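Report on the following structure.
The structure presented is a predicted model; accordingly, all values stated were derived computationally and were not measured.
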Amino acid sequence: MPAKTDLDLSDPVAIKGTREFDAPVELVFAAFTDPKHLAQWWGPNGFTTTTSHFEFKSGGTWRYVMHGPDGRDYKNLITFEDIQTNKLIAYRHGGGEGDLEPVRFSQTIGFEDIGGGRTRVVWHGVFPDAQMRDFVIKEYGAGKGLQETTARLAGYVATMARS
């Protein structure tokens, strides 16, 4: 199992990360399906997440605030476009109005049972242009953030597996 997330920045408008987990696909997928789970691992190191609305279905939305270790709050909106249990979550990030983070992108998260109770997850975020992708890498540390977030997910699913 890779010890960390393999990050691919070769596409100038995308960020792609792949990580394998020592947990069955049903357990890894379940970590995405409930705000009580997401609050335990979503976001880079030092961040916490507060959900105000969560409707996990195609066309549903997730409104949440990521609280940074520097005291800054990052308001976010996700609109789920396609959910296939234990296989895929596709969503749009951004849009809406007000004081939401100004970052828009489309994300697919693919889940693959690779046998032996292990799962491969591939995150693939596509931005409107290279400037937006480069902005999130520079301003938000998106590449490092994805690696930290997936590491937190690995720790959380290990905890879920033991309980």
Side-chain angles (χ1 to χ4, degrees), residues 1-8 14-69 73-96 100-101 103-127 136 140-163:
M1 175 178 114
K4 63 177 195 168
T5 300
D6 291 328
L7 194 60
D8 180 355
I15 298 173
K16 186 175 180 181
T18 303
R19 186 176 184 120
E20 294 176 6
F21 297 85
D22 286 327
V25 68
E26 296 83 4
L27 194 64
V28 178
F29 188 85
F32 288 80
T33 63
D34 189 312
K36 75 179 180 192
H37 296 312
L38 290 160
Q40 301 301 312
W41 64 268
W42 187 266
N45 294 341
F47 279 76
T48 59
T49 299
T50 301
T51 294
S52 60
H53 177 81
F54 188 79
E55 190 175 23
F56 190 67
K57 66 178 188 178
S58 295
T61 58
W62 177 25
R63 288 183 176 271
Y64 62 98
V65 179
M66 294 178 64
H67 309 282
D73 287 341
Y74 303 84
K75 294 182 179 180
N76 290 273
L77 171 66
I78 282 176
T79 303
F80 296 106
E81 295 184 317
D82 188 11
I83 297 171
Q84 299 173 28
T85 302
N86 301 328
K87 294 182 189 271
L88 177 85
I89 300 170
Y91 62 79
R92 282 181 287 115
H93 178 275
L100 295 172
E101 288 300 311
V103 178
R104 293 176 185 241
F105 63 94
S106 295
Q107 179 84 47
T108 57
I109 304 171
F111 301 80
E112 178 186 1
D113 181 344
I114 56 175
R118 300 178 65 228
T119 303
R120 178 179 298 121
V121 179
V122 178
W123 280 260
H124 189 201
V126 178
F127 296 82
V136 300
Y140 298 111
K144 180 180 177 193
L146 178 59
Q147 291 177 322
E148 291 177 356
T149 298
T150 55
R152 292 180 68 192
L153 174 59
Y156 184 67
V157 295
T159 300
M160 290 173 74
R162 288 191 297 268
S163 57

Working to the nearest 0.5 angstrom, can you tell me the gap between Asp82 CG and Lys57 NZ?
14.5 Å
So if I apply the side chain to side chain contact (heavy atoms under 4.5 Å, CB included) rule between Val122 and each of Leu88, Thr18, Thr108, Ile109, which one comes out positive?
Thr18
Arg92 side chain to Glu81 main-chain N or O, any donor-acceptor pair under 3.5 Å?
no
Euclidean distance, Trp62 CH2 relative to Phe56 CZ, rounded to 0.5 Å
10.0 Å
Run Leu38 and Thr49 through side-chain contact (heavy atoms from CB on, under 4.5 Å) and show every step you take.
CA-CA 8 Å; Leu38 290 160; Thr49 299; 5.7 Å; no
side-chain contact (heavy atoms from CB on, under 4.5 Å) for Ile83 and Tyr91? Distances and angles first, verdict last.
CA-CA 9 Å; Ile83 297 171; Tyr91 62 79; over 6 Å; no
Rounded distance (nearest 0.5 Å) linking atom CD of Gln40 with atom CE of Met160
10.0 Å
Out of Trp123, Phe105, Phe127, which residue meets the ring pair (Phe, Tyr, Trp, His ring centres under 6.0 Å) rule with His93?
Phe105
Would you mind reporting whether Asn76 and Tyr64 have side-chain heavy atoms less than 4.5 Å apart?
yes
If the plane angle is over 60° it's perpendicular, under 30° parallel, otherwise tilted; pick one for Tyr74 and Tyr140.
perpendicular
Working note: Val121 + Leu153, criterion side-chain contact (heavy atoms from CB on, under 4.5 Å); need CA distance, chi angles, decisive distance, verdict.
CA-CA 11 Å; Val121 179; Leu153 174 59; 5.5 Å; no
Fit a plane to each ring of Trp42 and Phe32, take the angle between them on a 0 to 90° scale, and name the class: parallel (under 30°), tilted (30 to 60°) or perpendicular (over 60°).
perpendicular
Inter-residue atom distance Ile89.CD1 - Phe80.CZ, 0.5 Å rounding:
6.5 Å
Once you round to the nearest 0.5 Å, how far does CG of Leu77 lie from CZ of Arg63?
5.0 Å
Check whether any side-chain N or O of Thr149 sits under 3.5 Å from a backbone N or O of Leu146 as a donor-acceptor pair, and report yes or no.
no
